[in-house]
Amino acid sequence: MSNQSLESLFNYTPHEIQQWLKERGHPAYRAKQLLQWIYQRRAASFDEMTDLSKPLRDELQGAFSITVPPVRARQEDSADGTVKCLFELRDGECVEAVLMPRYGDGAKTDPRTGAVKNRKKIKTQGYTTCITTQVGCMFACRFCASGQMGLKRNMTADEIIAQVMAFHRSEPSLSRIVFMGTGEPLHNYDHLKRAIDILTDPSGPGFSPRRITVSTVGLAPEIYRMAKEGWKVKLAVSLHATTDAKRAEIIPLARSYQLDQLKDAILYYQRSNGRRISLEYLMLGGVNDSRKDAERLLRFCEGFLCHVTLIPYNAVSKSEFRSSSQERMQLFKDCLRRGKIDATVRYSRGRNIDAACGQLRLRHEREQAA
Ligand code: SAH
């Protein structure tokens, strides 16, 4: 049987792995060993698992795969060490994911080029990966490359986890996961939940839910559902505008959920687990970056614990938008800070390698089609 037709073991919770082994008469400690090999020692094949008996390894090999998807394109930004990979899924669809080193507060970044000063000499503080949850996206935000492709399909839990493991195998200090790649994570709720349950299981990969961020365009019903189901991850909301009219102009979904409904959902989530909410605000020159916008944003932030991340717009091809200027972003940030809101500008990582979501895949598809 080829690897392709085997079920991915990444789709199994540690409990289900224990059950599978138990049903076949293996002692309980085998599950512990197997999980250690997969997630702590990050083995790439069952053959490596030398303290499992050969018959058990053969049994596992005949039933499961632990392969990660092949890399079809790879780009590295030498300015900041960001690596972006285009992974090919079983059905030939390609998705992109990013690995970013973290340098800590002391590191100096050039805001124009994104270059981290003396990068090679600074010790990294671990790695963050930005993961994709859907092939394409149906929400068609006007500024986003992913929306140009429409939604092809949801990704399964094992496909989501396999991206993390692809990076984790080469980078043991990968400790943070952000679901900010292509797609709308909450539109793929069930698979995402399963993936996060497995990734945070202490008997499995054991990632801390405190170090996982789920970014949403603002699906209010799913935010309530997260709260009711006891999710512990950090919630990031792509706000991007401070009036319903402006938001609906750039994010079509905003016609369904108005800002006050979104705020109610955010408050509900915060009350359920006390976590600070991250508000993402794309800085679009002349569109949403006025002083009035900053004041309205301050009012939106009243009543809950939040942090605002201002994101310079990363131009995608044929875009009608441009990023706000440095000065404008600074004024905007100062206004928020004067209002006692914690605000930072997130200079996009890997800006020299099409790092805005969907850009690498779009380019790859165009090249294939040419
Ligand atoms: N659908 C989710 C997650 C994917 S996008 C969401 O909307 O949050 C992750 C973030 O990148 C979002 O805040 C999105 O608005 C932002 N983004 C999309 N295109 C961008 C671009 N060209 N430049 C900068 N940020 C962009």
Side-chain angles (χ1 to χ4, degrees), residues 82 84 95-98 100 114 128-151 154-155 160 163 177-189 191-192 196 212-220 222-223 226 233-241 246-247 249-254 256-257 262 265-266 269 277-285 287-289 297 306-324 329 344-363:
T82 297
K84 183 165 197 166
V95 296
E96 53 194 53
V98 181
M100 298 165 282
T128 301
T129 181
C130 177
I131 296 296
T132 283
T133 52
Q134 295 185 306
V135 181
C137 183
M138 68 168 272
F139 291 98
C141 298
R142 259 170 65 194
F143 46 78
C144 179
S146 302
Q148 295 180 20
M149 302 174 262
L151 176 66
N154 276 331
M155 289 175 72
I160 294 171
Q163 296 167 77
I177 303 170
V178 295
F179 290 98
M180 292 187 183
T182 299
E184 167 51 41
L186 299 188
H187 185 230
N188 186 14
Y189 190 98
H191 291 134
L192 176 74
I196 290 179
I212 295 180
T213 302
V214 171
S215 180
T216 176
V217 67
L219 292 179
E222 278 72 18
I223 297 175
M226 288 170 80
V233 300
K234 181 164 190 169
L235 180 67
V237 175
S238 294
L239 203 65
H240 303 341
K246 182 70 69 170
R247 198 158 185 267
E249 227 177 81
I250 56 178
I251 303 177
L253 174 86
S256 309
Y257 304 112
L262 190 53
I266 289 172
Y269 188 75
I277 307 290
S278 169
L279 295 178
E280 315 236 65
Y281 198 90
L282 196 56
M283 298 296 293
L284 301 169
V287 175
N288 63 358
D289 60 352
L297 183 52
C306 69
H307 170 269
V308 175
T309 306
L310 303 173
I311 314 171
Y313 175 62
N314 205 330
V316 300
S317 60
K318 292 199 219 125
S319 177
E320 61 197 298
F321 300 108
R322 61 184 164 81
S323 183
S324 308
M329 284 193 277
T344 45
V345 178
R346 180 168 71 211
Y347 289 106
S348 48
R349 304 297 306 277
R351 76 184 69 174
N352 306 312
I353 55 167
D354 301 326
C357 69
Q359 284 182 310
L360 179 60
R361 175 166 167 244
L362 206 58
R363 174 190 292 231

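Read the numbers this way: they start at 1 and go in the same order the structure lists the ligands and their atoms. FYI, side chains are in, hydrogens and waters are out, and symmetry mates aren't considered; it's all heavy atoms of this structure. Quick caveat, the model's predicted, so the values are computed rather than measured.
Without hydrogens or angle criteria, Asp289 side chain to Met329 main chain gives no donor-acceptor distance under 3.5 Å. Within the 3.5 Å criterion, the main-chain N or O of Ser278 finds no donor-acceptor partner in the side chain of His307.
For ligand 1, the polar-atom distance check finds no N/O of Tyr313 at less than 3.5 Å from any of the ligand's N/O atoms. Residue contacts with ligand 1: Ile311 is placed with no nitrogen or oxygen under 3.5 Å of a nitrogen or oxygen of the ligand (distance criterion only).
Neither the backbone nor the side chain of Phe139 comes within 4.0 Å of ligand 1, counting heavy atoms alone. With a 4.0 Å heavy-atom cut-off, ligand 1 is reached by no atom of Val237.
Between Cys130, Ser238, Gly218, it is Ser238 that holds the heavy atom closest to atom 13 (O) of ligand 1. Proximity annotation for atom 20 (C) of ligand 1: of Phe143, Phe321, Tyr281, Phe143 comes nearest, heavy atoms only. Scanning Ala315, Cys144, Cys137 for the heavy atom closest to atom 18 (C) of ligand 1 points to Cys144.
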Exercise. Would Ile311 and Glu280 satisfy side-chain contact (heavy atoms from CB on, under 4.5 Å), going step by step from the backbone distance to the final call?
Worked result: CA-CA 7 Å; Ile311 314 171; Glu280 315 236 65; 3.8 Å; yes
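Here the rule is side-chain contact (heavy atoms from CB on, under 4.5 Å) with Thr216, and of Leu262, Leu186, Leu253 only Leu186 fits it. For the side-chain contact (heavy atoms from CB on, under 4.5 Å) test with Lys246, the passing option among Ile251, Val287, Leu284 is Val287; the others fail.
Of all atoms in ligand 1, numbered sequentially from 1 with element shown, those under 4.0 Å from a heavy atom of His240 are 13 (O), 14 (C), 15 (O). Atoms of ligand 1 lying under 4.0 Å from any heavy atom of Val217, numbered from 1 in the order shown and given with element: 6 (C), 7 (O), 8 (O). Against a heavy-atom cut-off of under 4.0 Å, Ser215 is close to the following atoms of ligand 1: 2 (C), 3 (C), 6 (C), 8 (O). Atoms of ligand 1 lying under 4.0 Å from at least one heavy atom of Gly183, given by number and element, are 1 (N), 2 (C), 3 (C), 4 (C).
Using a 4.0 angstrom heavy-atom cutoff, His187 does not count as in contact with ligand 1. At least one heavy atom of Gly181 sits closer than 4.0 Å to an atom of ligand 1.
Scanning for side chain to side chain donor-acceptor pair (under 3.5 Å) contacts around Arg322 gives an empty result, with sequence neighbours left out.
The closest side-chain heavy-atom distance from Ile223 to Leu235 is below 4.5 Å. Counting heavy atoms from C-beta on, the side chains of His187 and Glu222 never come closer than 4.5 Å. Contact of the Ser319 side chain with the Tyr313 side chain is registered, since non-hydrogen atoms from C-beta on lie closer than 4.5 Å.
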